[in-house]
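Notes follow the structure.
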Amino acid sequence: MKQEVILCQNLTKELSEVLKNSSHDRVFILTDTHTHELCLPQLETIPEIQKAIHIIIEAEDVHKTIETLAFVWQALSTQGATRHSLLLNLGGGMVTDLGGFAAATFKRGIDYINIPTTLLAMVDAAVGGKTGINFNGLKNEVGAFAPALSVWLETEFLRTLDHTNFFSGYAEMLKHGLISNTEHWAELLRFNTESIDYAALKTLVGTSVQVKERIVEEDPKEHGIRKALNLGHTIGHAFESLALAENRPVLHGYAVAWGIVCELYLSHIKVGFPKDKMRQTIQFIKENYGVFTIDCKKYEQLYELMLHDKKNCAQTINFTLLKDIGEICIDQTADKETIFEVLDFYRECMGC
Ligand code: GLY
């Protein structure tokens, strides 16, 4: 089923039209404590939102748990949700992932709409039908592929996004640039991130999300080309997990950006990704993301974390690499020695 992604001109007006004509018997709206306070007021002129039943959960990834999920099921169940009800998820990736999974499982599945409020959720998490929760200490360990009825992108929400959350989302956009075409990649590197032109950002978000949509449409369940979206994530996830284990957590997109540094170098040595484009991308990442420091004593631990990533089977580590921008090589592997060489390169070029 193709998921409709709408780049809104005016969310309130357009969503109001759709809800007015919808045949759902009840509308539920899921927010976290932040989006309830900061984003929901912008939708409150919509009559169907005024009548909607509110479900409010705690913000942040630490609450993407079975307990929060049960709380949402409970709220749906006790407040009369039926198989013909609609759940609106208003928030970042935590709300859209957990809300999507609640909708996918409640009464074996009810309709849901995502209204992402962060850049990361707009270009990645809320689009493409991956839903889920963290479980047993592992991120997104339990979930389902369950596309939203539609995803509404209102970039006006981004005006209040803080610097680090902006760059966290921008890393996934850089990834979309690298896996699509040189023109899109170059405009992302040129974009003035110090003084954001929100109209230009909206156009970039539209282009970025189309890259993901095209790939997901071709391979919704990640049997093949959807693995392109994992560029930067094999080593990025290991950085993210190490950071968490060492009590110095980093935002997902930052870990992905540092993962991209490593995986472009791996692309260069294994499949010939051009050095100049690798250098330009790394320069942008160094300037905007700083560095996650590691020393060589961490290599074994990072390697173990890569082996245990759910994308891998048995003793091989799976990478998505690039021959050039837009020239994707999925299902690539690298041995331990090569991965350690990549980590040496990362430390040298990032200066740690
Ligand atoms: N975030 C990668 C994917 O949706 O496949």
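Atoms within a ligand are numbered from 1 in the order they appear, just like the ligands themselves. Residue indices begin at 1 and follow the sequence shown. The model shown is predicted, which means the values in this text are computed figures rather than measured ones.
Note on ring orientation: taking the six-membered ring where Trp is involved, the planes of Phe239 and Trp258 are perpendicular (angle over 60°, cut-offs 30° and 60°).
Side-chain contact between Val123 and Lys212 is absent, with no heavy-atom pair separated by less than 4.5 Å.
By the criterion of a heavy-atom distance under 4.0 Å, neither the backbone nor the side chain of Val127 is placed next to ligand 1. Residue contacts with ligand 1, taken as heavy atom pairs separated by less than 4.0 Å, do not involve His233 at all.
For atom 1 (N) of ligand 1, the closest non-hydrogen atom on the protein side is Asp124 OD1, 3.0 Å.
Using a distance-only test at 3.5 Å, with no hydrogens or angles considered, a donor-acceptor pair links the side chain of Thr234 to the main chain of Asn318.
The closest non-hydrogen atom to atom 5 (O) of ligand 1, taken over Arg226, Lys175, Lys212, comes from Arg226.
Per-residue contacts place Glu222 under 4.0 angstrom from the following atoms of ligand 1 (heavy atoms of the residue considered): 5 (O).
Note: an N/O pair closer than 3.5 Å links Lys130 and ligand 1 by distance alone.
Here the straight-line distance linking atom CG of Leu120 with atom CZ of Phe167 works out to 14.0 Å at 0.5 Å rounding.
Thr82 and His84 form no side-chain donor-acceptor contact under 3.5 Å, judged by distance and modelled atom types alone.
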